[in-house]
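Computed from a prediction, not measured in an experiment: that's the story for all the values here.
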Amino acid sequence: MEMPEFREKLTACRLCPRLVAWREEVVGKKRAHRGEAYWARPVPGFGDPEARLVLFGLAPGAHGSNRTGRPFTGDASGAFLYPLLYEAGLSSRPESHPGDDLRLYGVYLTAAVRCAPPGNRPTREELRACSRWTAVELGLLEEARVYLALGRVALEALLEHFGLRKSTYPFFHGAHYPLPGGRHLLASYHVSRQNTQTGRLTREMFLEVLLKAKALAGL
Ligand code: SF4
């Protein structure tokens, strides 16, 4: 499957009834975005198809990428992440807005689950269902050398993708595990508002992991 076919098939996916309902139910429920058109479908990854570095998140935010259709775009997670990608020299501009000409350099962004879940918590079944799209999407990124998981759930989804045991590769911020074939698996706290506004994840902490991932990827 090529990337355009993947995107077409993915955006038609309705495998998870709870998420299909939720991604449409939340439309217009936030005052700041009332009256706006929402994407309200599965959110495909965004970035460089020749990426050497893949950032792997949890799931779309109800009023973030579920609204804009681009990962980490339109909410607090993206307001934290995109300026740091730019600061690390990995993008053409420090912000992301749907329809802009933002380019990521050697980087691709995606997530373990591609439809917005209630409370940002996908169930085990929903994670399992969406792993089929992870297999296709990561399989298309043939140049990828470094996978940076944002949060524990994302790390566990990547471990499952690579057929590795959770107990051997525990989650902690700054974790670094070599993979076969000269590839690397890294982990960071997720860039969610709960982490960035409480100081659990600072700009400096994330930039340090991002620059390490960049160096390992040879970018
Ligand atoms: S979360 Fe994934 S598997 Fe479930 S409906 Fe959305 S795209 Fe399909």
Visitor: Going by the rule side-chain hydrogen bond (donor to acceptor under 3.5 Å, both in side chains), which residues pair with Y147 if we only count those two or more places apart in sequence or in a different chain?
Guide: none
Visitor: Can you give me the closest heavy-atom contact between P117 and L19, atom names plus distance?
Guide: CA-CD2, 3.6 Å
Visitor: CG/L141 to CE/M3 distance, rounded to the nearest 0.5 angstrom?
Guide: 5.0 Å
Visitor: Rounded to the nearest 0.5 Å, what's the gap from CH2 on W133 to CZ on R7? Could you check?
Guide: 12.5 Å
Visitor: Supply the atom-to-atom distance Y177 OH to L186 CG, rounded to the nearest 0.5 angstrom.
Guide: 10.0 Å
Visitor: If you measure from CG on L53 to CG on L216, what distance do you get to the nearest 0.5 Å?
Guide: 9.5 Å
Visitor: Start with the C-alpha gap between E126 and C115, add the side-chain angles, then the distance that decides, and say whether side-chain contact (heavy atoms from CB on, under 4.5 Å) holds.
Guide: CA-CA 9 Å; E126 289 157 357; C115 297; over 6 Å; no
Visitor: For H173 and Y189, indicate whether the former's side chain and the latter's backbone hold a donor-acceptor pair under 3.5 Å.
Guide: yes
Visitor: Has the side chain of T68 got a donor or acceptor atom that lies under 3.5 Å from a matching backbone atom of T73?
Guide: yes
Visitor: Do S91 and Y82 make a side-chain contact, defined as non-hydrogen atoms from C-beta onward lying under 4.5 Å apart?
Guide: no
Visitor: Does the side chain of F206 reach to within under 4.5 Å of the side chain of L150, using non-hydrogen atoms?
Guide: yes
Visitor: Got a donor-acceptor contact below 3.5 angstrom from the N195 side chain to the L201 backbone?
Guide: no
Visitor: Any side-chain heavy atom of L85 sitting closer than 4.5 Å to one from L55?
Guide: yes
Visitor: Roughly how far, to the nearest 0.5 Å, is the CD atom of E160 from the CG atom of L127?
Guide: 8.0 Å
Visitor: Do F72 and S65 pass the side-chain contact (heavy atoms from CB on, under 4.5 Å) test, and can you show the C-alpha distance, the side-chain angles, and the key distance before you say yes or no?
Guide: CA-CA 6 Å; F72 299 100; S65 54; over 6 Å; no
Visitor: Rounded to the nearest 0.5 Å, how far apart are CD of E50 and CZ of R52?
Guide: 10.5 Å
Visitor: What is the ring orientation for H63 with Y38, classed by angle as parallel under 30°, tilted 30 to 60°, or perpendicular over 60°?
Guide: perpendicular
Visitor: Please check if any side-chain donor atom of R114 sits under 3.5 Å from a side-chain acceptor atom of T134, or the reverse.
Guide: yes
Visitor: Hey, does the side chain of E137 reach the backbone of G45 with a donor-acceptor pair shorter than 3.5 angstrom?
Guide: yes
Visitor: Could you tell me whether the side chain of R67 and the main chain of G64 form a donor-acceptor pair under 3.5 Å?
Guide: no
Visitor: Salt bridge (charged side-chain N to carboxylate O under 4.0 Å, His left out) with E24: which of R18, R41, R14?
Guide: R14
Visitor: Is R70 close enough and on-axis enough to F46, meaning under 6.0 Å and within 45°, for cation-pi?
Guide: yes
Visitor: Which heavy atom of G57 sits nearest a heavy atom of A154, and at what distance?
Guide: O-CB, 3.5 Å
